[in-house]
K.L.:
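The structure follows.
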Amino acid sequence: MRTQISKRQYLGIALGTFTVLGLVWLVATTSGMIKPLFLPSPLAVLTGLFEKARSGDLWSDIGVSVYRITIGYLLATVMALVLGPLMGMSARFQAAVEPLFDFIRYMPVVAFVPLTILWVGIGDQQKFLIIWMGTFFQQVLMVADAVNQVPQSMIHLGETLGMNRAKIGLRIVFPAAWPRIFDTLRITLGWAWTWLVVAELVAAAGGMGYRITVAQRYFATETIIGYVLVLGLLGLTLDQLVRALRRVLFRYERTR
């Protein structure tokens with residue numbers, strides 16, 4: 001059985017890990033072991049971020065990226081929450097669409113970037129499409145799998161009570177699968193952040209990925225590292241918020 005630790009211990013260990021990594025980074029860059037062109041010092045990165053924040057570029061880029069990921073991820077999620085349970089409850093519907101979704105999800109989304117530019121142009125619609133493509137096909141299959149794991153005895157109970165398939169799905173299957181579905185949404189949210197950066201690396205006029213691309217042209221590695229750290233911080237913060245929401249929504253699991 002896994003050893004349980006308190007929240008304070010968990011936080012202390014996590015902060016210790018980040019502290020050690022930061023110290024290793026500091027020593028490696030200040031001692032001259034690594035040239036600044038390849039890895040700038042923490043002070044150079046923080047200075048660069050401060051300048052971007054003071055000029056407003058950082059906040060503008062964060063706002064643009066958050067807007068894009070919100071729309072693209074919500075589109076994927078809404079569709080997955082509709083089609084996933086249908087796949088999980090209907091063998092015929094699953095047979096009709098699951099092989100197709102499996103086929104598409106193994107295609108590299110990066111290869112579709114030039115095509116999406118041809119299809120919808122270089123505006124925000126192209127960024128939404130890339131995020132949707134990178135998230136939806138994985139997400140819908142994971143939602144369907146979560147629904148498939150609902151015990152058949154619960155479905156038989158609904159049939160015994162005279163419920164039709166729609167009521168069984170809405171009142172029994174979906175609530176029973178919701179904790180696993182919520183975990184799926186949390187995991188795929190991290191993937192959406194990755195595809196956001198991919199979408200903004202090409203034909204973008206703003207956003208975190210765009211700023212990284214511009215910095216790459218001028219070998220401004222402090223900006224690249226700084227923006228990557230900001231992306232990681234945003235993702236970690238959002239992930240912890242979603243985790244906290246899960247604990248509130250599904251308190252009955254811990255009680256059980």
Side-chain angles (χ1 to χ4, degrees), residues 48-49 52-53 55-84 97 100-143 181-182 184-242:
L49 282 177
K52 292 293 183 184
S55 67
D57 289 340
L58 177 62
W59 311 120
S60 175
D61 292 332
I62 290 176
V64 169
S65 293
V66 169
Y67 163 70
R68 287 168 175 164
I69 195 173
T70 300
I71 300 300
Y73 179 76
L74 284 179
L75 288 173
T77 299
V78 169
M79 293 180 65
L81 290 179
V82 173
L83 297 179
V97 299
L100 175 62
F101 290 166
D102 267 325
F103 175 70
I104 296 175
R105 78 186 178 100
Y106 283 108
M107 296 180 180
V109 178
V110 177
F112 283 92
V113 172
L115 291 174
T116 58
I117 294 175
L118 291 175
W119 293 339
V120 297
I122 61 174
D124 284 342
Q125 292 80 2
Q126 187 259 347
K127 314 302 181 281
F128 302 154
L129 183 56
I130 290 295
I131 296 169
W132 177 84
M133 292 177 67
T135 306
F136 168 73
F137 295 102
Q138 307 280 353
Q139 195 178 59
V140 68
L141 294 173
M142 293 174 69
V143 170
I181 293 174
F182 195 87
T184 292
L185 300 183
R186 172 178 161 252
I187 293 170
T188 53
L189 179 59
W191 298 346
W193 276 100
T194 301
W195 293 117
L196 165 74
V197 176
V198 171
E200 291 182 340
L201 287 176
V202 180
M208 305 290 284
Y210 163 77
R211 197 66 59 184
I212 291 174
T213 303
V214 173
Q216 180 183 4
R217 296 172 187 168
Y218 298 99
F219 297 99
T221 50
E222 68 280 356
T223 299
I224 297 174
I225 297 296
Y227 268 63
V228 169
L229 291 178
V230 171
L231 281 168
L233 182 60
L234 289 173
L236 178 62
T237 302
L238 188 58
D239 183 77
Q240 293 303 310
L241 289 174
V242 174

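Nothing fancy with the numbering, it's 1 onward along the sequence. A quick note: this is a predicted structure, and the numbers were derived from the prediction, not measured.
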K.L.:
Please examine the side chains of T223 and Y218, heavy atoms only from C-beta on, and report whether any two atoms are closer than 4.5 Å.
P.N.:
no
K.L.:
List the atom of A80, the atom of F136, and the distance in Å for their closest heavy-atom pair.
P.N.:
N-CE1, 3.7 Å
K.L.:
Would you say that more than 12 heavy atoms from the other residues, nucleotides or ligands in this model lie under 6.0 Å from the CH2 of W119, or not?
P.N.:
yes
K.L.:
Within the supplied structure, the quantity of interest is the number of heavy atoms (other residues, nucleotides, ligands) at a distance under 6.0 Å from L74 CG; does it exceed 12?
P.N.:
yes
K.L.:
Residues two or more places apart in sequence or in another chain: which of them pass ring-ring contact (aromatic ring centres under 6.0 Å, His included) with F182?
P.N.:
W178, F250
K.L.:
Quick check for you: to the nearest 0.5 Å, what is the distance between F128 atom CZ and Y67 atom OH?
P.N.:
3.5 Å
K.L.:
Decide yes or no for Y227 and L231: does some side-chain heavy atom of the first lie under 4.5 Å from some side-chain heavy atom of the second?
P.N.:
no
K.L.:
Starting at CZ of F112, measure out to CD1 of I130 and round the result to the nearest 0.5 Å.
P.N.:
9.0 Å
K.L.:
Considering non-hydrogen atoms only, spot the tightest contact between G134 and V109 and give its length.
P.N.:
CA-CG2, 3.9 Å
K.L.:
Distance check, rounded to the nearest 0.5 Å: T221 atom OG1 versus I212 atom CD1?
P.N.:
12.5 Å
K.L.:
Walk me through it: do L185 and L189 pass the test side-chain contact (heavy atoms from CB on, under 4.5 Å)?
P.N.:
CA-CA 6 Å; L185 300 183; L189 179 59; over 6 Å; no
K.L.:
Can you confirm whether L229 sits close enough to L233 that some side-chain heavy atom of one is under 4.5 Å from a side-chain heavy atom of the other?
P.N.:
no
K.L.:
For the atom pair CG (L196) and CG (L234), what is the distance rounded to the nearest 0.5 Å?
P.N.:
10.0 Å
K.L.:
Answer whether the closest heavy-atom distance between the side chains of V110 and W195 falls below 4.5 Å.
P.N.:
yes
K.L.:
What's the spacing between M208 CE and I69 CD1 if we round to 0.5 Å?
P.N.:
11.0 Å
K.L.:
Looking only at non-hydrogen atoms, find the nearest pair between G207 and S65 and report the distance.
P.N.:
CA-OG, 3.5 Å
K.L.:
Return the CG to CG distance between L129 and L75, rounded to the nearest 0.5 Å.
P.N.:
10.0 Å
K.L.:
What residue pairs, at least two apart or across chains, pass side-chain hydrogen bond (donor to acceptor under 3.5 Å, both in side chains) with a residue in residues 124-143?
P.N.:
R68-D124, T77-Q139, R105-Q138, T116-Q126, Q139-T188
K.L.:
Search all heavy atoms of A215 against all heavy atoms of I224 and return the closest pair with its distance.
P.N.:
CB-CG1, 3.7 Å
